[in-house]
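Accompanying notes for the structure given below.
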Number of protein chains: 2
Amino acid sequence: MTDTQAPRQRRPLTLRDVSEASGVSEMTVSRVLRNRGDVSQATRERVQEAAKRLGYVPNKIAGALASQRVNLVAVIIPSMKNMVFPEVMTGISETLESGPLQPVVGITHYKPEREEAVLYEMLSWRPSGVIIAGLEHSDAARAMLANAGIPIVEIMDTDGEPVDSVVGISHRRAGIEMAQQISGAGYKKIAFLGTKMPLDHRARKRFEGLTNALAKEGLEISDQEFYSGGSALEKGREMTEAVLKRTPDIDFLYYSNDMIAAGGLLYCLDNGIDVPGQVGIAGFNGIELLDGIKPQIATMDACRREVGAKAAEIIAKCTEAGQSFAGKRIELEPRLTIGQTLLR
Amino acid sequence: MTDTQAPRQRRPLTLRDVSEASGVSEMTVSRVLRNRGDVSQATRERVQEAAKRLGYVPNKIAGALASQRVNLVAVIIPSMKNMVFPEVMTGISETLESGPLQPVVGITHYKPEREEAVLYEMLSWRPSGVIIAGLEHSDAARAMLANAGIPIVEIMDTDGEPVDSVVGISHRRAGIEMAQQISGAGYKKIAFLGTKMPLDHRARKRFEGLTNALAKEGLEISDQEFYSGGSALEKGREMTEAVLKRTPDIDFLYYSNDMIAAGGLLYCLDNGIDVPGQVGIAGFNGIELLDGIKPQIATMDACRREVGAKAAEIIAKCTEAGQSFAGKRIELEPRLTIGQTLLR
DNA sequence: ATGAAAGCGCTAACAA
DNA sequence: TTGTTAGCGCTTTCAT
């Protein structure tokens, strides 16, 4: 166990300390530590040895100020409470890891005023780019994004006008496609169960897509049930029970996410309700966690990881090229899984 | 794809711009924007108006360098791929939100060398504190932590010597307590199913606690099965099938997390295996998501949210008090849930 | 209550 | 290949 015995100093070490310890100018030390410019092998080694011996850790704050380059990407998402955004984060992290950029996360709790505050906070670090969930922002937030002078990628949703770039799926289309599956399978009495939607724009758009498409087939939503907070699996059970008791002839349950759909499925199985014969079920998200549930739930994959990866890629490319705007529009195809809870 | 006409590549606004626009010195503008010092109401309003009109966003990089204060907390965790760390993050975020501190996350993928790199990276931002998962770090990482001159909180695990503070549960004790439940219920042929453990120190400690405690009762682990990657629910099924086929007289399945335990439970239910009569099942984590599964799985809560909250609190208090060391040790009590998959 | 001057620790640009 | 000189945009300190 070779301990590098750095003294427990109060004042953090600076380049000057390394410079003095190695007898080389600060500038050359800086060059060595960043692998920049031509430095002789001998000098390089002396500097590296000194830095390591002292336990020097560079100060990025100073470096960023001097170079006008901040290798941070602001990531602004509504929540960490279900797997959706952690998965997006995973895609972002994995993509950025190969380069110099690092993600910094801000959570909005689905509140526009929090989003505004978090965005302001983030922008004050002068990040190299912003990845932000959704296309709906307050006017002030949009203004900040538009004037930040850095690439902005709005993610998850493509139904609307982005400030700069957008990566995601069309939730309207997702709702429409599911409606086609449902009506195509012959279901007639359809219920929608989901989160309270005033601020969950993506769930709202799926709902709108669904109802519009059903309307074209002469069908309409026969019952609805909403929740907020609590254990999703448990809420799925409760809401399903409420709907089926209130409207016993319901023959299809469309949930706004897979977790509540799984709760609903478990409720049906427990109560001897035949799925998909008597009642069909579909969710949304393609949560990998649930792949093991039998019967497999019909769902659509929101491509969360890929969304994160593509968004990060846009920022990384812009940063490399020194551009402050990308103007890309990437609409991914949500993969439909029929599973065994929807007749075909 | 409509291109917005926003003026790109503008030089970001500085205090000087606001100063000129409001006819007040930079210093006074700075005071207004930070609510520091005495500034007349009239000046204050003029400055705020100008800042808002121009859309000025302060530069924290410069502010941090000048003030030697960086309101960031480095959070270093292994992964975002299951709900454990996002929940810890939620606890941290919620606690920090009321103050000036902001979390910055680094992911290690359970790799010591990544941990070292991420830590170095993080420390170079000169954060106000570090929250890092686990007590096992490379010598270099420990040295960096010890010499950083800021409060360090190691989280999730209390079985070992922290650099500074520690908040978590004892995984050894968690294993021991579960062993007592298992043997107390009369199970004799016990299998362990979990992640490959070389680097998952916490799962390893639970395993050790379990085997030691079982040994005292004259019992030992009769079979083991490990996995890595993939859908946890699915893996739970597969591993369970493998174990039960290989060792048909197994009467208890102890899983290293609730998700694979749920997969195992579903496998048993599908195959007409009586739980908990024929085979008992227990997991670990108290994943709220799974509360809706019936029968409810026996598990122990790792207090993830609370761990995050307490850790953040320690950093916040230290920062407020200007201290660089806390030396706190907070061992939380994992709550045991017997559920209906373990006889009593 | 307000302002002027002097850095914070580093890097860009140029000089030697 | 190495060193010198000016800042980066803000806050600290001290003067007014």
Side-chain angles (χ1 to χ4, degrees), chain A residues 9-48 50-51 54-72 100 121 123-128 149 322, chain B residues 10-48 50-51 54 56-72 100 121 123-128 149 322:
Chain A
Q9 77 289 338
R10 185 68 316 163
R11 177 182 64 77
L13 296 167
T14 69
L15 263 191
R16 161 168 244 117
D17 297 307
V18 182
S19 163
E20 283 168 2
S22 61
V24 174
S25 79
E26 284 184 47
M27 198 52 232
T28 301
V29 173
S30 168
R31 283 195 267 251
V32 171
L33 266 23
R34 286 177 300 144
N35 290 310
R36 284 283 148 68
D38 303 304
V39 181
S40 72
Q41 190 55 31
T43 323
R44 183 174 299 277
E45 277 162 17
R46 268 183 39 220
V47 169
Q48 281 167 337
L54 298 176
Y56 171 71
V57 177
N59 185 330
K60 287 210 181 185
I61 298 282
L65 182 62
S67 66
Q68 304 282 66
R69 255 190 296 278
V70 183
N71 286 327
L72 293 177
E121 182 88 356
L123 288 180
S124 73
W125 288 104
R126 299 285 187 271
S128 296
Chain B
R10 285 176 1 271
R11 173 183 63 76
L13 296 167
T14 69
L15 263 190
R16 164 169 243 116
D17 296 307
V18 181
S19 162
E20 284 167 2
S22 62
V24 174
S25 78
E26 283 185 48
M27 198 51 237
T28 301
V29 173
S30 168
R31 282 194 268 249
V32 171
L33 266 25
R34 286 177 298 142
N35 290 311
R36 283 283 146 66
D38 304 305
V39 181
S40 73
Q41 189 55 30
T43 323
R44 182 174 299 277
E45 277 163 18
R46 266 180 43 219
V47 170
Q48 282 167 336
L54 297 176
Y56 172 70
V57 177
N59 185 329
K60 286 210 182 184
I61 299 281
L65 182 61
S67 66
Q68 305 283 63
R69 257 189 294 276
V70 183
N71 286 326
L72 293 177
E121 182 88 357
L123 288 180
S124 73
W125 287 105
R126 299 286 188 271
S128 296

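Keep in mind that the numbers below use all heavy atoms, side chains included, and drop hydrogens, waters and symmetry copies. Note that the coordinates shown come from a computational prediction; the quantities given were computed from them, not determined experimentally. Reminder, nothing fancy here: chain letters follow the sequence lines and each chain counts from 1.
To the nearest angstrom, P of D:dT11 lies 13 Å from CD1 of B:I61. When rounded to the nearest whole Å, the span between CG of B:L15 and P of D:dT12 equals 12 Å. As rounded to whole Å, 16 Å separates atom P of D:dG9 from atom CH2 of A:W125. Straight-line distance from the CZ atom of A:R11 to the P atom of C:dC8: 10 Å, rounded to whole Å. Atom-to-atom, CD of A:E26 to P of D:dT4 comes out at 10 Å; the value is rounded to the nearest Å. Rounded to whole Å, the distance from CD on B:E20 to P on D:dG9 is 13 Å. The nearest whole Å value for the distance from the CG atom in A:L33 to the C1' atom in C:dT11 is 13 Å. The distance from atom CZ of B:R31 to atom P of D:dT13 is 12 Å, rounded to the nearest whole Å.
Under the side-chain hydrogen bond (donor to acceptor under 3.5 Å, both in side chains) criterion, A:S124 pairs with no residue at all, not counting sequence neighbours. Shown here are the side-chain contact (heavy atoms from CB on, under 4.5 Å) partners of B:L65, two or more places apart in sequence or in another chain: A:I61, A:A62, A:L65. Residues meeting the side-chain hydrogen bond (donor to acceptor under 3.5 Å, both in side chains) test with B:S128, sequence neighbours left out: none. With sequence neighbours left out, the side-chain contact (heavy atoms from CB on, under 4.5 Å) criterion links A:L33 to A:L15, A:V29, A:V47, A:A51, A:Y56. Remark: B:S67 engages B:R69 in a side-chain contact (heavy atoms from CB on, under 4.5 Å) (not counting sequence neighbours). Applying the side-chain contact (heavy atoms from CB on, under 4.5 Å) criterion to B:A50, with sequence neighbours excluded, gives B:V18, B:A21, B:S22, B:R53. For A:Q48, there are no side-chain hydrogen bond (donor to acceptor under 3.5 Å, both in side chains) partners, not counting sequence neighbours.
Listed by first and then second residue, the salt bridge (Lys or Arg N to Asp or Glu O under 4.0 Å) pairs that reach into residues 30-44 of chain A come to none, sequence neighbours excluded. Among pairs with a residue in residues 18-27 of chain A, those fulfilling salt bridge (Lys or Arg N to Asp or Glu O under 4.0 Å) read A:R16-A:E20, A:R16-A:E26, at least two apart in sequence or across chains.
Between the axis at the start and the axis at the end of the helix from C:dA1-D:dT16 to C:dA16-D:dT1 there is an angle of 30°, using five pairs per end and rounding to 10 degrees.
Close to D:dT11, at under 4.0 Å from its OP1 or OP2, lies a side-chain N or O of B:S30. Distances shown here put every side-chain N or O of A:T28 at or beyond 4.0 Å from the OP1 or OP2 atom of D:dT2. At C:dG9, none of the side-chain N or O atoms of A:Y56 fall inside 4.0 Å of OP1 or OP2 (strictly under the cut-off).
Between B:V32 and B:V39, the shortest heavy-atom distance links the atoms CG2-CG1, 3.7 Å.
In this structure, B:N59 reaches the sugar-phosphate backbone alone: every heavy-atom distance under 4.0 Å involves primed, P, OP1 or OP2 atoms, never a base. In this structure, A:R34 reaches the sugar-phosphate backbone alone: every heavy-atom distance under 4.0 Å involves primed, P, OP1 or OP2 atoms, never a base. When heavy atoms are screened at a 4.0 angstrom cut-off, A:R69 is found touching the sugar-phosphate backbone but no base atom.
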Just the table, please: protein N/O against nucleotides 5-8 of chain D N/O, every pair under 3.5 Å.
from, atom 1, to, atom 2, distance (Å)
D:dC8, O3', A:Q68, NE2, 3.1
D:dC8, O2, A:L65, O, 3.4
D:dC8, O2, A:A66, N, 3.1

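Going from atom CZ of A:R46 over to atom OG1 of A:T28 covers 10.0 Å, rounded to the nearest 0.5 Å.
The stretch residues 39-47 of chain A touches DNA chain D through A:V39, A:S40, A:T43, each having a heavy atom within less than 4.0 Å of the strand.
For a distance-only test at 3.5 Å, the side chain of A:R126 fails to qualify as a donor-acceptor partner of the base of D:dG9.
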**Message:** Go through it in stages, so that I can follow the logic: the residues are A:K60 and B:E121, the test is side chain to side chain contact (heavy atoms under 4.5 Å, CB included), and I'd like the CA-CA distance, side-chain angles, deciding distance and then a yes or no.
**Reply:** CA-CA 9 Å; A:K60 287 210 181 185; B:E121 182 88 357; 2.8 Å; yes
